[in-house]
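Here's the structure we're looking at; comments come further down.
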Amino acid sequence: MKFYLFLTLPLTAAFTVPTTKSVVHTSKPSTFALHAESAVNGADKKKVIVLGGDGFCGWPTSLYLSDQGHDVVIVDNLSRRNIDTELGCDSLTPIQSPDVRVQAWKEVSGKEMKFVNLDVYKEYDLLVQLIKDEQPDSIVHFAEQRAAPYSMKTSKTKRYTVDNNVGGSNNLCCAVIDSEVDAHIVHLGTMGVYGYGTSGGEIPEGYIDVILPGGRESNILHPAYPGSVYHATKCLDALLWQFYQKNDNLRITDLHQGIVWGTNTPQTIKDERLINRFDYDGDYGTVLNRFLMQGAMGVPLTVYGTGGQTRAFIHITDTARCIEIAINNPPKAGERVEIFNQVAETRRVRDVAKLVADQTGVEMNLLPNPRQEAAENELDVSNRKFCSLGLDPITLDEALFNEVTEVVQKYKHRCDPTKILPASFWNKKRAEECASLDPNSVKINGAASKEAVKA
Ligand code: NAD
Ligand code: USQ
């Protein structure tokens, strides 16, 4: 029998709660403003299990929730770190082991966090026992394989992504039922479930009004239109949430998040050992962070196709804030799955590239697209629910770009330039179109010409 690994530190101390200055649309934050914001106490304090709490979103969210005064238990099987090893890549930033991370947080904040090494998909009995032992108010579910390119790499990674993600979500619902703990599940979904504007007009938050044959009016889950195996797992998750809510009265919130950018938060900057991961490689690096990294290193920006793809974005600091808002606003038992669009704004990829190019002087390089996706799309997304609950979203901003650039400059010696070009292709045709891309042609600080990485 296997027991889950436990790492726990004593609880101490009063709260000092730094937080960000955030803005909507027009104003510009110059940097993180470390001013106090009311922390939770008494009845507002929640016990929260964060599944996937060692990851890019999960770690800063765990720190934020702990900083706000919630009692946080981190669960992770460290599969993301293992995939780095498999891909021969690493976070640009030197992330510490989970035990060093929680110890550092204890030293910095005086707050206890527990780390449990557990596989949500493979260790069902331990998951049930953990929920029984901890009696959480909320369980935040980040623990999935989240890279679309990795999910499209091989049959093995496609199957792993479906098994791990859908199996993990199903396990979580079963475990909440079996443990008889009325925990609110908060799941990280994706904007990609909607298909980036395919229903025309503004994308509503989860449910869409439709007129069925015969003129019958209805309000249904927005049609799913995934663009990768990874995105398909989030659509399948959404059906599981719908079923278990209806069948077992589970209280569930699904957060359809856009592309997260940035790396630091007011909590991770408190100590070098708390640093967040920064993915820059062709599989796990997301578009804006990749462009900021490439700009800082003098590498031509890897724009796929025409760069006409429009996507939604959110800063990592707002990811953490949205999770707390969701935790504080659970649906009531019997209410349908609550769905929020967790986005700050939408931008076209080539416009994002131009912002970075203008700031850094690095050129844009239009590469053949490794993905099967619309070359150009419009995207209009509602984020009214979070805004009405107090989110004042951080938008793309040059001052915050500078913060990422500083992180990149500091750790650029850790970058392997051969990992920058795309390394996963959606189908045979896309792979053939990208065949001339040479990973070894990319050199840091502009040593490789734009032509060298061109098809
Ligand atoms: P990440 O890969 O950095 O973190 C996920 C964490 O979950 C990793 O630490 C991994 O080890 C862990 N994990 C995976 N499978 C597990 C399992 N079976 N058991 C236990 N732990 C497991 O990814 P991220 O960027 O932090 O994303 C977190 C969540 O947010 C994902 O579900 C993702 O789909 C969603 N999301 C991310 C973004 C983004 O831009 N990063 C945008 C929208 C939605
Ligand atoms: N792109 C480029 N150049 C690059 C990388 C990407 O032009 O170097 C383009 C892609 O072709 C795509 C867009 O930028 O059109 C976004 O790509 P991405 O890798 O930043 O984002 P994506 O694959 O959609 O996935 C990321 C996260 C995922 C999350 C999703 C939110 O990895 O976990 O669910 O963003 S969303 O995109 O809103 O569905």
Side-chain angles (χ1 to χ4, degrees), residues 50-61 74-84 91 98 116-123 127 140-152 160-161 163-165 167-169 171 187-196 226-228 230-231 233-234 237 255-261 276-277 279-291 293-294 301-314 316 319 341-343 346 348-350 352-353 364-367 369-371 373-375 377 379 381 420-422 426:
V50 180
L51 306 177
D54 187 53
F56 170 62
C57 296
W59 174 241
T61 299
I74 294 175
V75 171
D76 205 292
N77 67 349
L78 307 187
S79 52
R80 177 68 193 90
R81 293 179 187 240
N82 294 336
I83 291 174
D84 267 343
S91 165
V116 181
N117 188 331
L118 187 158
D119 189 316
V120 174
Y121 169 50
K122 292 187 177 156
E123 296 178 304
L127 180 62
V140 183
H141 181 24
F142 290 105
E144 299 189 69
Q145 190 302 98
R146 72 106 176 121
Y150 184 78
S151 82
M152 299 302 293
Y160 163 70
T161 302
D163 291 348
N164 185 65
N165 294 6
S169 296
N171 279 359
H187 171 251
L188 270 292
T190 174
M191 281 305 300
V193 297
Y194 300 119
Y196 313 115
S228 71
Y230 154 73
H231 288 99
T233 65
K234 297 291 184 178
D237 284 347
L255 304 173
H256 292 322
Q257 185 171 238
I259 300 167
V260 183
W261 66 283
N276 198 15
R277 67 176 303 125
D279 297 310
Y280 67 90
D281 61 292
D283 282 335
Y284 275 87
T286 49
V287 66
L288 177 51
N289 275 4
R290 267 165 69 71
F291 287 170
M293 179 278 296
Q294 292 161 3
L301 307 182
T302 56
V303 176
Y304 299 163
T306 60
Q309 311 91 320
T310 308
R311 294 292 182 270
F313 292 88
I314 184 166
I316 183 70
T319 293
N341 291 338
Q342 190 162 312
V343 308
T346 61
R348 207 174 280 279
V349 166
R350 62 172 168 261
V352 170
M364 281 195 250
N365 195 11
L366 302 186
L367 300 177
N369 196 337
R371 306 183 184 205
E373 62 183 356
N377 70 291
L379 185 60
V381 180
I420 291 177
L421 288 183
W426 261 232

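A quick note: this is a predicted structure, and the numbers were derived from the prediction, not measured. For ligands, and for the atoms within them, numbers begin at 1 and follow the listed sequence. All heavy atoms count here, side chains included; hydrogens, waters and symmetry mates do not.
Close approach to Asp119 involves these atoms of ligand 1, each under 4.0 Å from a residue heavy atom: 17 (C), 18 (N), 19 (N). Each of the atoms 4 (C), 5 (C), 8 (O) of ligand 2 lies under 4.0 Å from some heavy atom of Arg290. Below 4.0 Å from some heavy atom of Glu373 lie the following atoms of ligand 2, by number and element: 10 (C), 11 (O), 12 (C), 15 (O). Residue contact check: Arg371 has heavy atoms under 4.0 Å from atoms 10 (C), 11 (O), 12 (C), 17 (O), 18 (P), 19 (O), 22 (P), 23 (O) of ligand 2. Listed by number with element, the atoms of ligand 2 under 4.0 angstrom from any heavy atom of Gly192 are 39 (O). In summary, the atoms of ligand 2 found under 4.0 Å from a heavy atom of Gln257, numbered by their order in the structure, are 31 (C), 38 (O). Interface of Val260 with ligand 1, defined as ligand atoms under 4.0 Å from a residue heavy atom, comprises 38 (C), 39 (C), 40 (O), 42 (C). Close contacts of ligand 2 with Ala148, meaning ligand atoms under 4.0 Å from a residue heavy atom, involve 23 (O). Near Thr302, meaning under 4.0 Å from one of its heavy atoms, ligand 2 places the atoms 2 (C), 3 (N), 4 (C), 7 (O), 8 (O). Below 4.0 Å from some heavy atom of Gly52 lie the following atoms of ligand 1, by number and element: 6 (C), 7 (O), 12 (C). Close contacts of ligand 2 with Gly258, meaning ligand atoms under 4.0 Å from a residue heavy atom, involve 31 (C), 38 (O).
With sequence neighbours left out, the side chain to side chain donor-acceptor pair (under 3.5 Å) criterion links Asp237 to Ser169, His187. Tyr194 meets the ring-ring contact (aromatic ring centres under 6.0 Å, His included) test with His222, His256; sequence neighbours excluded.
Checking only distances, Tyr160 never comes within under 3.5 Å of ligand 1, N or O to N or O. For ligand 1, the polar-atom distance check against Val120 finds a nitrogen or oxygen pair separated by under 3.5 Å. Between Thr286 and ligand 1, no N or O atom pair is found at a separation short of 3.5 Å. Checked against a 3.5 angstrom limit, the closest N/O atoms of Arg81 and ligand 1 fall outside it. Polar contact with ligand 1: absent for Ile259 (N/O pair, distance under 3.5 Å). On a distance-only criterion, Ser79 and ligand 1 share at least one N/O pair closer than 3.5 Å. Geometrically, ligand 1 and Val75 share no nitrogen or oxygen pair separated by less than 3.5 Å. Below 3.5 Å of separation, one finds no N or O of Asp279 facing any N or O of ligand 1. Of the N or O atoms in Thr286, none lie within a sub-3.5 Å distance of an N or O in ligand 2. Close N/O approach between Gln145 and ligand 1 is not found [any backbone or side-chain N/O within under 3.5 Å]. Checking only distances, Tyr230 does come within under 3.5 Å of ligand 1, N or O to N or O.
A donor and an acceptor atom, one from each side chain of Ser151 and Gln145, are nowhere located under 3.5 Å apart.
Atom 1 (N) of ligand 2 has Tyr304 CD1, 3.4 Å as its closest protein atom, hydrogens excluded (heavy atom only). In terms of protein heavy-atom proximity, atom 35 (O) of ligand 2 is closest to Ile259 CG1, 3.3 Å. When only non-hydrogen protein atoms are considered, atom 15 (N) of ligand 1 lies nearest to Asn164 ND2, 3.1 Å. At the shortest separation from atom 28 (C) of ligand 2 among protein heavy atoms lies Arg146 O, 3.4 Å. The protein heavy atom nearest to atom 38 (O) of ligand 2 is Met191 CB, 3.1 Å. Among all protein heavy atoms, the one lying closest to atom 17 (C) of ligand 1 is Asn77 ND2, 3.4 Å.
The closest donor-acceptor contact from the side chain of Asn289 to the backbone of Trp261 lies at 3.5 Å or more, if one exists at all. Distance alone, capped at 3.5 Å, is enough to place a donor-acceptor pair between the Asn377 side chain and the Tyr196 backbone. A donor-acceptor pair is defined here as one N or O able to donate and one able to accept, closer than 3.5 Å; such a pair exists between the side chain of Arg350 and the backbone of Thr306. In this structure, Asn341 contributes its side chain and Val343 its backbone to no donor-acceptor pair below 3.5 Å. Listed for the Arg290 side chain is a donor-acceptor partner under 3.5 Å among the backbone atoms of Tyr280.
Between Phe56 and Asn276, the shortest heavy-atom distance links the atoms O-ND2, 2.9 Å. Taking every heavy atom of both residues into account, Thr302 and Ile420 meet most closely at CG2-CG2, 4.3 Å. Contact between Met191 and Ala312 at its shortest, heavy atoms only, is CG-CB, 4.0 Å. The two residues Asn165 and Tyr230 have their closest heavy-atom pair at ND2-CD1, 4.1 Å. Gln257 and Cys57 get closest at one heavy-atom pair: NE2-SG, 4.0 Å. The minimum heavy-atom distance linking Asn117 with Glu123 is given by the pair O-OE1, 4.4 Å.
Residue Gly53 places no heavy atom under 4.0 Å from ligand 1. In this structure, His231 has a heavy atom closer than 4.0 Å to ligand 2. For the ligand labelled ligand 1, residue Leu118 lies inside the 4.0 Å heavy-atom shell. Residue His256 places every heavy atom at 4.0 Å or more from ligand 2. Assignment of Gly189 to the shell around ligand 1 is supported, since a heavy atom sits closer than 4.0 Å. Taking a 4.0 Å cut-off on heavy atoms, Gly307 fails to register as neighbouring ligand 2. Ligand 2 is never approached by Tyr284 to a heavy-atom distance shorter than 4.0 Å. Ligand 1 has at least one atom lying under 4.0 Å from a heavy atom of Lys234.
With a 4.0 Å heavy-atom cut-off, ligand 2 is reached by the backbone of Val287 and by its side chain too. Residue-level proximity to ligand 2 for Lys234 is absent, since no heavy atom of it falls below 4.0 angstrom. With a heavy-atom cut-off of 4.0 Å, Gln309 touches ligand 2 through its side chain alone. The proximity of Thr190 to ligand 1, defined as any non-hydrogen pair under 4.0 Å, does not occur for either the backbone or the side chain.
Of the candidates Gly58, Cys57, Pro98, the one placing a heavy atom closest to atom 26 (O) of ligand 1 is Cys57. Of the options Gln257, Gln342, His231, His256, the smallest heavy-atom separation from atom 43 (C) of ligand 1 is shown by Gln257. When the options Thr346, Thr310, Thr190, Leu379 are ranked by their closest heavy atom to atom 36 (S) of ligand 2, first place goes to Thr190.
For the pair Arg80 and Tyr284, the cation-pi test (distance below 6.0 Å, angle within 45°) is passed.
Atoms CG and CG, on Asp119 and Asn164 in that order, are 6.5 Å from each other to the nearest 0.5 Å.
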Dump the intermediate steps for side chain to side chain contact (heavy atoms under 4.5 Å, CB included) on Ile74 and Trp59, then the final yes or no. CA-CA 8 Å; Ile74 294 175; Trp59 174 241; 3.7 Å; yes

